[in-house]
Amino acid sequence: MSRGPAVIITEKDNAARRIAEILSDGTADTERVAGTTVYNWGGNRCIGLSGHVVGVDFPPEYNDWRDVEPVELIDAPIDKQPTQEGIVRALRQLARRASHVTIATDYDREGELIGKEAYELVREVNEDVQIDRVRFSSITDREVTEAFDNPDELDFELAAAGEARQVIDLLWGAALTRFLSLSARQLGDDFISVGRVQGPTLKLIVDREREIEAFDPEDYWELFADLETDEAGGFESQYFYRDEDGNEAERLWDGDRADAVYDALTESETAAVDSVNRRTRTDSPPAPFNTTQFIRAAGSLNYSAQQAMSVAEELYTAGYLTYPRTDNTVYPEDLDPRELLEAFTGDSTFGDDAEGLLAADEIEPTEGDEETTDHPPIHPTGELPSRSELSDDEWEIYELVVRRFFATVADDATWEHLKVVAEIADREVVDGEPPTEDLTLKANGKRLVEAGYHAVYPYFSQSETHVPDVTTGDELAITDTQIEAKQTQPPRRYGQSRLIETMEGLGIGTKSTRHHTIEKLYDRGYLENDPPRPTMLAKAVVEAAEEFADQVVSEEMTAQLEADMEAIAAGEKAYDEVTAESRRLLEDVFDDLTDSREAIGDQIQQSLKADKTLGPCPECGDDLLIRTSRQGSYFIGCNGYPDCEYTLPLPSTGKPLLLDEICEEHELREVKLLAGRKTFVHGCPQCQADAADAEADRVIGNCPECGKEHGGELAIKQLRNGSRLVGCTRYPDCEYSLPLPRRGDIEITDDHCEEHGLPELLVTYEDEDRESWELGCPICNYREYQARQNGSALEAIDGIGEKTAEKLQIAGIEDVAGLKNANPDKLAEEVDGVGVDTVRDWQADAD
DNA sequence: GCAAGGTC
């Protein structure tokens, strides 16, 4: 019998490459099979999948949403079909001749399912071959060799647990998504989605928004006093008192009382130190990075979750970081921190820190609470990129991960805390109230005594508060007092990283998907802005779900599913039992839903409209809405259309977002245009349209840049900062502009430039002493200016750069002779940021 | 055009 190759299957190409390298001692070659890379040595082949290469779905006859009642999906058949054709073909081709198959997918539940998918593909073409399973949690020599020396079997029960999840997610997600979309008549791109993970995530955000909306702020006051010692300098202290439970309290809830305390404080001249407490606090270095903690740290450097992950994925693919999708916060035994630190010695950025850390007698890395088998925590691989081959973002993230690793092997930091309490004895506090009481002040100082890990990980605050070394009994002078009126604040919105941490805590989503879920909620029109805020649509969907299908927005569905999956994996429940029960529950949901179809649809449609509503139409009083033209551009139109044809334009750059700010004059919500880095606030669209109308009176011709294609026109514009220019009416879509002088009135004459067709402009002055002058055609004027620029003598003068020369030329000073003859006072007045003395200096220099 | 989970 001919012996075919032994085939090893991993979850991704990267893992295949590294395993081939280890098992072949670096001798493996690559070949392409059906377009897929296969690693090849001796009688062995190693192939990497791309995660799931097959997916579950309904058969094609269920594809048309309008033909199939959503409820029918509950009992519809579910197929498994290849989703990565090339890889599936390559796998079949290898499997046909295989003498032995080893499944080496990731060591977690989804990895077991991906392994089973590979197993089934192999079995389709080869009934007899032996199929093993190996498990390792980091791709190191020792772990991989050990795993291949002791192969195990695929855990079909664990894989079945994953299959139950797939089916339940599909049934609930597809049936309810179709139901909501159909009832609100939102088909095509604007469908209304719900699911086991996006539902509860959205509810977290909506619930928080409800708390914020319901929040009733309360007034309170805080009091401060500046204290001064004779020799050690001044510091700030805060008034406090003991509440009923004997705890220190700083907030005064009664304004009259706050005023009385403030008066008493202000009248006092000294306070006596009552106690001085000093204690040292140990500040331990952070645990290794798992995905969630990495996203959080990158978030504090202003990366969105999605951005942080894609940068980390690139650095992983390039070989500089370990796998970025992991739950683990405990380094594997195989990781020798000393060896990894040594990789950094001699490096210009990290060398000194690495050497400093290596000088320690003992290196004991920190450990987090999560210890899992999936992958090691995120750390640098020890292969160093050069600064120039990474983008700024990549470098910043790389440095963060390197420094986090450094921190986990660094020493504790030590802080010294100093608390000083001072008293103003026996002051009468409340007018007319007989009892007197002591006024107490406190100050908390902290000082970083031992920088420890902060020296290599500068991302946490190291700010110190200075409180001088005083002794009990010292008299302190009160040099100033302040009263601050404050209000209690509503809870804060979730930022993306807080949201991901909360999801992790509730067991919603996985390390690989949480950031995608948040992106999805933005895409579906449920979230706007960052930190994310829910739209009216989001609130309506959550409300409808709470009423009829609470499971799909509650985290308990995941908790229940987790419990069921554990039971399947443990052999206590069967896959069929769990999926049948879930189908029954979903049928119950649909029993209630079907009657309310119209009500739910109406509610969602109203919310969709509210998300687009700006305010009253000035013509008919109906609502003005954001609408989309046939060409796909946005504009503002009236809900009363076609009876009312009122419209307002919107810039074509970006996607409009309605703000809460309302224009007082027109009662319309202001508009912001989201366009990545080019995002800008458009403001009240009516005000903008009025301003554009004013400009229209001063239109002088077609825009040379976009006039032919888009009909842009040139107009004389007055900007908010007071300066003027000739600009395109399609700004900001077209940024064509020509400069104009800052002073004087611009008159449009009847003469036209033959070359450009624009009217000649005349600059006149109210000041009768000042003569008017012809600026001419603004394009010619600018061309002349540019021509002069090339050989401009003005810039030869010290202190005149390109910008200043431009300003001078616009003011009619063309050359050094002109500058010499100019009246310094007038010129200084005309040119921004230039004083009389400066002009005189230039004139002296010109001589 | 649905979900959530892999990976790119």
Side-chain angles (χ1 to χ4, degrees), chain A residues 10-16 36-37 48-58 60 62-68 70 72-74 76 78 80 83-84 86-87 105-106 108-118 159 161-182 184-202 291 309-318 323-326 374-375 503 507-521 523-524 549 551-553 557-558 561-562 565 582 586:
Chain A
T10 69
E11 189 155 323
K12 46 195 161 278
D13 174 67
N14 215 308
T36 304
T37 306
L49 307 176
S50 183
H52 293 284
V53 292
V54 296
V56 292
D57 209 347
F58 303 108
Y62 289 84
N63 279 356
D64 192 330
W65 293 26
R66 277 160 301 198
D67 275 2
V68 182
E72 289 177 44
L73 293 176
I74 302 175
I78 292 177
K80 226 183 233 190
T83 50
Q84 302 276 344
I87 296 174
T105 48
D106 291 355
D108 55 18
R109 184 173 56 219
E110 217 60 25
E112 210 65 22
L113 175 53
I114 292 166
K116 191 200 166 192
E117 289 160 4
E163 286 178 309
R165 178 202 61 70
Q166 284 186 319
V167 168
I168 290 169
D169 282 343
L170 175 63
L171 289 175
W172 284 74
L176 289 170
T177 293
R178 287 195 192 183
F179 177 87
L180 289 178
S181 303
L182 285 163
R185 292 184 187 73
Q186 290 285 303
L187 298 177
D189 287 345
D190 298 324
F191 65 89
I192 313 260
S193 68
V194 280
R196 176 181 58 84
V197 173
Q198 53 177 288
T201 306
L202 192 56
T291 301
M309 283 310 286
S310 47
V311 175
E313 279 155 17
E314 275 164 38
L315 291 167
Y316 153 72
T317 314
Y323 194 61
R325 298 188 268 260
T326 176
D374 55 352
H375 298 279
M503 290 169 77
I508 304 173
T510 72
K511 60 209 173 194
S512 318
T513 59
R514 288 183 195 114
H515 58 286
H516 289 149
T517 301
I518 295 174
E519 282 303 303
K520 190 178 283 181
L521 295 176
D523 287 349
R524 300 284 154 85
Q551 294 95 322
V552 86
V553 285
M557 182 164 173
T558 290
L561 183 61
E562 281 293 334
M565 284 196 287
S582 187
L586 186 54

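Chain letters run A, B, ... following the sequence lines, proteins first and then strands; every chain starts at 1.
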Next on the checklist: Using a distance-only criterion (donor-acceptor N/O pair, under 3.5 Å, no hydrogens), is the base of B/dC8 paired with the side chain of A/Ser50?
Outcome noted: yes
Item to check | Distance-only donor-acceptor check, side chains A/Glu110 and A/Thr510, under 3.5 Å | outcome: no
Item to check | Euclidean distance, atom NE2 of residue A/His515 to atom C1' of B/dC8 [Å, nearest integer] | outcome: 12 Å
Checklist entry - For the pair made of CG in A/Leu180 and P in B/dG1, what is the distance, rounded to whole Å? => result 19 Å
Checklist entry - How many Å lie between NE2 on A/His52 and P on B/dA3, as a whole number? => result 16 Å
Checklist outcome for this item: To the nearest angstrom, the OH-C1' distance between A/Tyr62 and B/dG1 comes to 19 Å
Checklist entry - Nearest nucleotide by nearest heavy atom, which residue falls closer to the 5' end of DNA chain B, A/Pro200 or A/Asp13? => result A/Pro200
Checklist entry - Nearest nucleotide by nearest heavy atom, which residue falls closer to the 5' end of DNA chain B, A/Glu313 or A/Arg165? => result A/Arg165
Next on the checklist: Would the distance check show the side chain of A/Thr291 and the main-chain N or O of A/Pro324 forming a donor-acceptor pair, the cut-off being under 3.5 Å?
Outcome noted: yes
Item to check | Separation of A/Thr517 OG1 from A/Arg196 CZ (nearest 0.5 Å) | outcome: 9.5 Å
Item to check | Check: A/Leu49 and A/Gln84 side chains under 4.5 Å, non-hydrogen atoms | outcome: no
Checklist entry - Taking atom P of B/dC2 as reference, at what distance in whole Å does atom CD of A/Glu72 sit? => result 20 Å
Checklist entry - How close or far is atom C1' of B/dG5 from atom CZ of A/Arg196, stated in whole angstroms? => result 9 Å
Checklist entry - Atom CD of A/Glu519 and atom C1' of B/dA4: how far apart are they, to the nearest Å? => result 16 Å
Checklist entry - So, does the side chain of A/Asp57 form a donor-acceptor pair with the base of B/dC2 at under 3.5 Å? => result yes
Checklist entry - Taking CG from A/Leu586 and C1' from B/dA3, how many angstroms apart are they, rounded to a whole number? => result 12 Å
